Colleague: 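Below is the structure I would like to discuss, written out as structure tokens.
Note that the coordinates shown come from a computational prediction; the quantities given were computed from them, not determined experimentally.
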Amino acid sequence: MLKRLRVLALLAASMLVACASVDAKKIAKFGEATTAVAQIVADVPEVADKVAAQAEFEDQAMAFESRARATSFPPNVPTSDLKFRKVWAVRTDLLNAIAGYGAALAAAASGKNGESLETALGSLKKALNTVPALAANTRFQGAASIAEGAATKLFLHVSDARLRQYISEAHPLIVQSAALLSDSFAQTSGYIDADYQNWLNDKETMLDDVRRDAKGSNADRYAIYAQFSRDSQAMEETLALFRPRKAPRYEELLSQMVAAHAALRRPNADPAIVEEFVASVKEIAQALKQLTGK
């Protein structure tokens, strides 16, 4: 009988370790993904600068081709918008605070010093309060009231309960941060899209001129069309964060971040929710890596 009890105790202990390690892996993945999101947000000014530079180049090329006005050579490159970069840096600081919280969460879940989580949570609150104004964005508010879904379940152990208490306390901050960042992205997207439309209009006008030019050969027209198609593909990759599928990618990404964090509040969270967030982060990070060379 005693031997049987020992076996059962060992089995129970191994199950607790297994459950805790699975959750720790999910939390670690969330923490790593938030760090990558912080870098994605930090790269947004570079996207804006590149699109503006491309639009200016096409404008000068069109002026040269049509002889509409004198153009400079080498082409003028618009200077980086320092005011925008300063404003955007506040958003980057907020994401860095979320990334710091994610890292501290992962460390606590893996059994390391949990005291850093308290500090990280305080840093997140401070970063959120330093943003000039939190826009009235309702897109993510529903996520703040997600039911725990585990009221009838016992936590696996005390440290697990404490960890989920931190996650629950942090969740409204994650929701607010996502709403603020979504509005910031929406405004920035408007500026970037205006430059993109100017670039696209110049490209289409040039193609139309090439098509109408009776002196050009078929091979020349083909080569120009093929090159412009490659240019268009490269621009789409540059704008990956702002291009829509069901919604703009930045909005999908922030929604997935909120959903993944909400899932971590419950024992045995669906790993697919976290994996979806991680996969989106990797996809967008890869697109921006080609742009920035980082």
Colleague: What distance separates Gln54 CD from Thr238 OG1, expressed to the nearest 0.5 Å?
Modeller: 7.5 Å
Colleague: Excluding sequence neighbours, so at least two apart, what forms side-chain contact (heavy atoms from CB on, under 4.5 Å) with Glu32?
Modeller: none
Colleague: Could you see if Val51 belongs to whatever hydrophobic cluster contains Met62? Use Ile, Leu, Val, Met, Phe, Trp, Tyr and a side-chain cutoff under 4.5 Å.
Modeller: no
Colleague: Arg265 and Ile167: which non-hydrogen atoms are nearest, and at how many Å?
Modeller: CG-CG2, 3.2 Å
Colleague: Show me, pair by pair, the donor-acceptor contacts under 3.5 angstrom made by side chains of residues 94-102, not counting sequence neighbours?
Modeller:
residue: Asn96; atom: ND2; partner: Thr92; partner atom: O; Å: 3.4
residue: Tyr101; atom: OH; partner: His261; partner atom: NE2; Å: 2.6

Colleague: Apply the test side chain to side chain contact (heavy atoms under 4.5 Å, CB included) to residues Asp49 and Arg85: give CA-CA distance (whole Å), side-chain angles for both, the deciding distance (0.1 Å), then the verdict.
Modeller: CA-CA 10 Å; Asp49 286 349; Arg85 283 183 174 266; 2.7 Å; yes
Colleague: Output, in order, the C-alpha distance, side-chain angles, deciding distance and verdict of side chain to side chain contact (heavy atoms under 4.5 Å, CB included) for Val274 and Leu264.
Modeller: CA-CA 9 Å; Val274 178; Leu264 295 178; 4.2 Å; yes
Colleague: Check this for me, if you would: do Glu275 and Lys26 make a salt bridge, where the nitrogen-to-carboxylate-oxygen distance has to be below 4.0 angstrom?
Modeller: no
Colleague: Roughly how far apart are Leu241 CG and Glu251 CD, rounded to 0.5 Å?
Modeller: 11.5 Å
Colleague: Work out which heavy atom in Val281 is nearest to a heavy atom in Ala33; give both atom names and the distance.
Modeller: CG1-O, 3.8 Å
Colleague: Measure the OH-OG distance between Tyr222 and Ser217 for me, rounded to the nearest 0.5 Å.
Modeller: 13.0 Å
Colleague: Which atom names give the shortest non-hydrogen contact between Tyr196 and Glu236, and what distance separates them?
Modeller: OH-OE2, 3.1 Å
Colleague: Identify the two heavy atoms, one from Trp199 and one from Asp231, that lie closest to each other, and give their separation to 0.1 Å.
Modeller: CH2-O, 3.8 Å
Colleague: Is the shortest heavy-atom distance from the side chain of Phe84 to the side chain of Val44 under 4.5 Å?
Modeller: yes
Colleague: List the steps and the verdict of side-chain hydrogen bond (donor to acceptor under 3.5 Å, both in side chains) for Gln227 and Arg230.
Modeller: CA-CA 5 Å; Gln227 181 58 55; Arg230 288 190 290 271; 3.0 Å; yes
Colleague: For a quick test of reading the model, state the closest non-hydrogen atom pair linking Pro45 to Trp88 and the distance between them.
Modeller: CD-CD1, 3.5 Å
Colleague: Kindly indicate whether the side chain of Asp193, heavy atoms from C-beta on, has any atom under 4.5 Å from the side chain of Phe242.
Modeller: no
Colleague: Roughly how far, to the nearest 0.5 Å, is CD of Glu252 from OG of Ser182?
Modeller: 11.5 Å
Colleague: Would Gln39 and Asp43 count as a side-chain hydrogen bond (donor to acceptor under 3.5 Å, both in side chains) if you check the C-alpha gap in whole Å, the side-chain angles of each, and the deciding distance to 0.1 Å?
Modeller: CA-CA 6 Å; Gln39 184 57 59; Asp43 287 338; 3.0 Å; yes
Colleague: Count the heavy atoms belonging to other residues, nucleotides or ligands that lie under 6.0 Å from NZ of Lys29, then report whether that count exceeds 12.
Modeller: no
Colleague: Should the pair Arg211-Asp208 be classified as a salt bridge under the 4.0 Å nitrogen-to-oxygen rule?
Modeller: yes
Colleague: Without swapping roles, check the side chain of Asp213 against the backbone of Asp209 for a donor-acceptor pair under 3.5 Å.
Modeller: no
Colleague: Is a side-chain N or O of Ser168 found less than 3.5 angstrom from the main chain of Gln165, in a donor-acceptor match?
Modeller: no
Colleague: Can you tell me how far the CZ atom of Phe228 sits from the CD atom of Glu58, to the nearest 0.5 Å?
Modeller: 6.0 Å
Colleague: Testing the basics here: between Val258 and Ala178, what is the closest heavy-atom pair and its distance to 0.1 Å?
Modeller: CG2-CB, 3.5 Å
Colleague: Within the side chain of Ser184, is there an N or O that forms a donor-acceptor pair under 3.5 Å with the backbone of Leu180?
Modeller: yes
Colleague: Any chain of hydrophobic side-chain contacts (each under 4.5 Å) joining Ile284 to Ile273?
Modeller: no
Colleague: Should Phe277 and Val37 count as side-chain neighbours, where that means a heavy-atom distance under 4.5 Å?
Modeller: yes
Colleague: Rounded to the nearest 0.5 Å, what's the gap from CZ on Arg91 to CG on Asp183? Could you check?
Modeller: 9.5 Å
